[in-house]
Chemist: 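Questions regarding the structure given below will be posed in turn.
Each chain gets a letter, A, B and so on, in the order its sequence line appears, and its residues count up from 1.
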Amino acid sequence: MIQLIVRRSVASLITIWAVFTISFFVIRSAPGGPFDAERDPPEAVKAAIEARYQLDAPLWQQYLNQGWSWLTLNPGPSLRQPDHDVATILAAGIPASFLLGTLALLLGIILGTILGVIAAWQQDRWPDRVITLFASMGISLPLYVIAGLLILLFAFHLPWLPPAGWTAASSAVLPIICLALAPAAQVARLLRSGLIEASQEDYARTARSKGRGVVGTLLFHCLRPASIPVTSTLGPTAAAMLTGSLVIEQIFAIPGVGMHFIQGAMNRDYPLVLGAVLLYTILLQILTLLGDLLMGWLDPRARVEE
Amino acid sequence: MISPGRGLMPTNPVKNIGQSLLSGSGWLLGGIVILGLFMASFPDLPDRADLVIGNGTDPGSLHPHRASGIPEGRIIRALHEGLLLLDPQTLDPWPACAHSWQVSRDGKTWTFKIQKGLLWSNGDPLDATDFRRSWLDLIDPLRGAPYGDLLDAVTGAREWRNGDGSREKVGIRTPDRWTLVVDLSRPMPWLPFLCTQTPLQPVHPLGRDGNALGVPTNGPWMLDRWDLRDRIRLVKSPTYQGPSRVHMDTIDFLAIESGNTLVNLFAHGSIDWAVGVPPLLMPFLEKDPFWKEALRTDPYLGISFYRLNFQKPPLDDPTIRKALSLTLDRQALCKEVLGGNLQPAWSFVPWPEPALAAHAEAGNPAPKSAFPVYSGMAATINSPVPTADLTVNQWAMLGYDPDQARKLLQEAGWKVPGAKTGRPIPDFEILHSSGSTHALVAEWLQSSWSRELGIETRIRSMEWRSFLQVQRSLDYDVSRSSWIADFPDPATFLELFTSTATNNRTGWSDEEYDQMVEKARNASNTGVRTWYWREAERILLDRGPVLPLWSTTSSNLVAPELQGFYANPLDQHDLRALKWDTP
């Protein structure tokens with residue numbers, strides 16, 4: 001296992017460097033610059049601002065400067081919010097995003113597991129159909145529609161929760177539910193088909209023939225093998241959820257990091273975009289590795305292949 | 001006794017459940033730890049402030065020289081106090097750090113007398129030298145302040161910015177600690193207004209490096225906390241010695257980008273003033289008594305228009321340009337397509353008299369006495385805005401007359417619908433920046449020109465900065481634009497299209513127009529000056545590269561119990577004047 005971790009860590013470092021390099025040149029090739037506005041400042045002023053942020057240097061030099069600044073964990077100020085360091089901006093958004101992402105992921109996994117087991121148990125009966133419909137809606141309905149309906153219901157018709165803001169634990173409830181729906185639907189769908197498939201295996205039939213009930217067979221014999229496809233998708237899903245959601249952050253006015261991915265690029269805030277991309281990439285690498293380790297633990301075959 | 005089959009079970013069932021539930025306990029434990037950590041941050045959240053403002057985007061910078069957006073300006077003008085303040089109702093200049101001021105007969109020398117005993121929030125004394133240093137830093141080309149050109153009329157400022165002059169040669173003097181003298185190379189009647197605005201606020205010496213955090217300010221409030229992308233809290237400053245007596249001890253500015261979220265929070269009572277309302281929601285809000293009471297839509301000194309690229313055929317043809325304008329039923333655009341409280345623009349300088357009259361006739365609350373901007377401008381140039389007494393008829397080309405458009409085109413040899421002869425009009429592209437309202441307007445233009453003139457157009461939507469790049473490089477045919485007044489004077493609109501203006505972006509150059517603008521700039525007599533501006537606008541509309549569409553309107557949701565919030569055409573509402581209507 002240690003060998004696997006070391007090998008994967010080296011590969012991750014190369015991946016992170018490649019992502020950084022590609023992101024740097026892609027964002028720099030986008031038309032327009034960070035200081036463009038409807039009211040154009042005079043050229044001399046623009047040049048002075050660009051010089052302040054070393055944007056007047058050759059591109060390769062800027063690439064090296066940026067790389068070094070990230071290596072030394074000193075990425076410098078944001079171009080749009082020069083009163084703040086990029087690291088501070090990202091760090092300020094991480095607690096809210098991590099809180100929402102973690103809880104939504106947990107809720108999604110628990111809800112999805114329960115629904116997946118029920119759907120497999122009641123295969124082709126009405127509970128299965130209802131759950132399958134829910135899963136399709138959870139995956140296909142846009143977040144802003146779900147969020148709008150929940151706000152209408154729980155903030156205005158039943159005034160139990162605030163419609164937006166980040167002022168108390170209650171403000172996290174609606175966004176968590178919204179964020180949890182998609183992973184819940186995904187887990188339910190994958191688990192249902194996995195359980196149905198596993199329940200036709202010899203070991204499941206043997207268990208049934210020995211008197212184990214349907215639910216017992218599903219839970220004690222089939223759930224573990226059926227979890228393998230779910231686990232393989234968890235790493236990327238977790239990385240996406242922990243780094244926030246632009247839509248949810250906008251609708252619920254949550255000070256997370258999700259907005260920086262889009263707004264940073266829209267504002268051509270180069271250091272902020274690179275910071276956001278690096279944050280996502282590093283998380284993705286770590287979580288994918290964790291997912292793989294978890295899969296090896298769940299499925300001995302995966303361990304042997306590794 | 002061993003139960004039957006037990007020995008054949010793959011693993012211990014209890015262990016199996018634990019493992020199978022995706023290592024539930026591990027996940028759960030991790031989740032609880034993280035939850036506990038983050039929940040710990042909730043008690044730190046502040047209580048509700050006396051006034052909560054939904055302020056739009058998170059501010060870029062709170063440094064007066066670096067800020068360029070409206071949300072920033074709102075906060076900076078609460079943190080700082082300039083030489084003058086604006087009367088919240090009439091926008092006339094009021095004493096603030098300066099207790100009096102006067103201008104020479106030729107309008108080129110302004111003298112401000114600074115109030116004694118003023119302090120920065122750290123207790124340091126504030127005097128005229130602070131203003132001189134701050135204004136010179138604003139002009140300094142190496143510091144790169146985006147609004148430094150607002151002081152281009154100051155003697156030596158423009159030269160310094162162009163690399164010829166120096167700091168010492170700029171005409172801002174302090175004969176003594178309590179007197180600030182500004183020498184101008186040409187009259188700048190709007191200088192008192194500028195003294196109230198963000199870029200001309202004084203900056204403490206500690207803020208000279210461009211940083212705004214931890215730097216003392218001189219306004220009635222000071223910065224208490226800045227939770228990024230969440231809120232900025234201001235608290236009353238104990239050292240403030242200015243003339244204002246403020247009513248709010250604490251003010252929160254919430255960073256909320258989504259207009260719908262602002263509306264939700266306002267409905268919930270979480271915010272007292274929501275800045276900006278999504279245009280497409282307006283028709284619904286206006287019908288509901290709750291919202292109608294809170295919704296303030298007032299004339300705003302801004303113009304929404306399209307630029308026409310003079311370097312791209314067929315737009316280089318004056319007949320085509322005239323016909324394109326004549327086929328636009330702006331009234332229908334405002335009332336039927338966009339809805340809300342918009343007024344069609346018949347001029348380039350927004351809100352001329354006919355638009356104001358129509359605004360009042362539509363049952364909107366009439367501004368107190370004279371329309372504030374005129375009062376505000378009267379205080380600076382002693383005359384109403386020059387377009388005020390021009391009528392729609394004087395700009396016939398801006399009216400709606402599709403028959404006349406077709407006739408003009410036919411006479412010029414172009415082919416129009418129904419005609420058998422003539423050159424076909426080449427198709428062109430309508431460029432707009434992304435956004436639902438912009439897309440709607442582009443589609444409306446497309447259908448109007450296709451229906452009335454048979455012109456085929458393509459629509460291209462671009463992300464904002466790419467759009468600006470394309471517009472700047474003149475790589476478009478017609479493109480969406482808007483302009484908001486930097487100061488209440490026609491100059492802010494009409495200087496845009498001189499041959500050398502950086503924001504022209506149309507390829508249009510007209511010697512007569514340039515001369516007219518130059519004469520208006522240099523005229524010290526108000527009547528003469530007004531006449532020149534009027535002529536310049538006439539030339540712009542007759543020959544120029546603009547299709548004005550509507551005069552813009554500000555929109556705010558304001559708690560009905562909040563007093564001191566007045567309609568004004570700059571949408572600037574001094575927080576010093578706001579108070580709660582409590583018994």
Side-chain angles (χ1 to χ4, degrees), chain A residues 30-33 35-46 48-49 52 80-84 88-89 92-93 95 98-99 102-103 106 109 113 151 155-156 162-169 203 206 210-211 219-221 223-224 227 230-231 250-253 255 259 266 268 294 297-298, chain B residues 4-5 8 10 13 16-17 19-23 27-28 31 34-35 38-39 41-42 45 58 60-63 66 68 141-146 148-149 161-163 210-213 227-230 254 256-258 261 264-265 267-268 270 463-466 468-470 472 482-483 502-503:
Chain A
F35 308 109
D36 290 345
E38 177 89 58
R39 183 188 192 280
D40 239 359
E43 280 306 316
V45 172
K46 226 174 181 177
I49 302 174
R52 182 189 301 152
R80 197 189 90 78
Q81 293 192 298
D83 296 334
H84 304 278
T88 312
I89 293 176
F98 272 31
L99 174 66
T102 312
L103 292 183
L106 278 176
I109 291 170
T113 307
I151 289 171
F156 292 111
W166 194 245
T167 49
Y203 55 83
T206 309
K210 285 188 167 294
L219 286 178
F220 301 133
H221 299 267
L223 191 54
R224 186 164 162 178
S227 306
V230 178
T231 315
Q250 272 211 325
I251 294 176
F252 291 103
M259 189 85 96
M266 303 274 270
R268 307 289 189 272
L294 188 63
W297 175 67
L298 280 173
Chain B
L8 292 174
N16 197 11
I17 293 173
Q19 289 178 341
S20 297
L21 283 173
L22 300 174
S23 67
W27 278 96
L28 214 59
I34 294 169
L35 178 67
F38 293 153
M39 286 299 185
S41 67
F42 277 119
L45 291 168
D58 204 16
S61 170
L62 290 184
H63 194 289
R66 281 188 168 189
S68 57
L142 290 178
R143 289 176 187 268
D149 58 340
R161 290 169 69 78
N162 288 337
N211 190 22
L213 296 181
D227 299 334
L228 279 162
R229 297 228 11 250
D230 186 21
L254 302 192
I256 298 170
E257 304 236 351
S258 157
T261 305
N264 284 343
L265 284 171
H268 191 255
S270 307
E463 171 271 334
W464 175 240
R465 276 162 216 273
S466 309
L468 284 178
Q469 176 78 12
V470 166
R472 200 172 295 126
S482 62
W483 195 257
T502 46
N503 290 300

Chemist: Side chain from CB out, backbone as N, CA, C, O: work out which of these in B:Asn211 comes under 4.5 Å of a heavy atom of chain A, or both, or neither.
Modeler: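 Interface part for B:Asn211: both.
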Chemist: A:Phe156 versus chain B, heavy atoms under 4.5 Å apart: side chain, backbone, both or neither?
Modeler: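 When you check distances to chain B, only side chain atoms of A:Phe156 fall under 4.5 Å.
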Chemist: Would a distance-only check, ignoring hydrogens and angles, find a side-chain to backbone donor-acceptor pair under 3.5 Å from B:Thr261 to A:Gln250?
Modeler: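 A pair under 3.5 Å: yes.
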Chemist: Measure distances from B:Arg66 to the heavy atoms of chain A and classify the residue's part below 4.5 Å as side chain, backbone, both or neither.
Modeler: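 Side chain only.
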Chemist: In terms of heavy-atom proximity below 4.5 Å to chain A, should B:Ser68 be classed as side chain, backbone, both, or neither?
Modeler: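 For B:Ser68, neither part sits under 4.5 Å from chain A.
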Chemist: Picking from A:Ala253, A:Ala48, A:Pro82, which has the most non-hydrogen pairs under 4.5 angstrom with chain B?
Modeler: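 Answer, by heavy-atom pair count under 4.5 Å with chain B: A:Pro82.
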Chemist: Given the rule in the side-chain contact (heavy atoms from CB on, under 4.5 Å) test, do B:Arg229 and A:Ile89 qualify, once you have shown the distances and angles that lead to the verdict?
Modeler: CA-CA 9 Å; B:Arg229 297 228 11 250; A:Ile89 293 176; 5.9 Å; no
Chemist: Under 4.5 Å heavy-atom distance to chain B, tell me which part of A:Arg52 shows up: side chain, backbone, both or neither.
Modeler: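 Side chain only.
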Chemist: Write down the atom of A:Lys46, the atom of B:Arg472, and the distance for their closest heavy-atom approach.
Modeler: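 That closest heavy-atom pairing would be NZ-NH1, 3.9 Å.
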Chemist: Please state whether the side chain, the backbone, both or neither of B:Ala145 comes within less than 4.5 Å of a heavy atom of chain A.
Modeler: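 Backbone only.
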Chemist: Mind ranking B:Ser61, B:Pro146, B:Ser258 by heavy-atom pairs under 4.5 Å with chain A and telling me who comes out on top?
Modeler: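 The option with the most such pairs is B:Ser61.
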Chemist: When only pairs under 4.5 Å are counted, which of B:Leu142, B:Asp149, B:Thr502, B:Leu254 shares the most heavy-atom pairs with chain A?
Modeler: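 Heavy-atom pair counts peak at B:Asp149.
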Chemist: Shortest non-hydrogen contact from A:Thr88 to B:Leu228?
Modeler: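 Result for this residue pair: O-CD1, 4.2 Å.
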Chemist: Between A:Asp83, A:Ile49, A:Val45, who has the most heavy-atom pairs with chain B when the cutoff is under 4.5 Å?
Modeler: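 Heavy-atom pairs under 4.5 Å are most numerous for A:Asp83.
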Chemist: Could you look at B:Asn264 and say if it's the side chain, the backbone, both or neither that has a heavy atom under 4.5 Å from chain A?
Modeler: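 Its backbone and side chain both get close to chain A.
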Chemist: Please find the pair of heavy atoms, one from A:Asp36 and one from B:Arg465, that lie closest to each other, and give the distance.
Modeler: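 Scanning both residues, the minimum pair turns out to be O-NH1, 3.2 Å.
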Chemist: Give, as side chain, backbone, both or neither, the part of B:Asp58 having an atom under 4.5 angstrom from any heavy atom of chain A.
Modeler: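 Contact with chain A is through both the backbone and side chain of B:Asp58.
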Chemist: If you count heavy-atom pairs within less than 4.5 Å of chain B, which of A:Gly33, A:Gly211, A:Ala30 leads?
Modeler: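 Going by pairs under 4.5 Å, I would pick A:Gly33.
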Chemist: Below 4.5 Å, heavy-atom pairs only: which of A:Ala164, A:Pro162, A:Ala155, A:Ala92 has the largest tally toward chain B?
Modeler: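 Highest number of pairs under 4.5 Å: A:Ala164.
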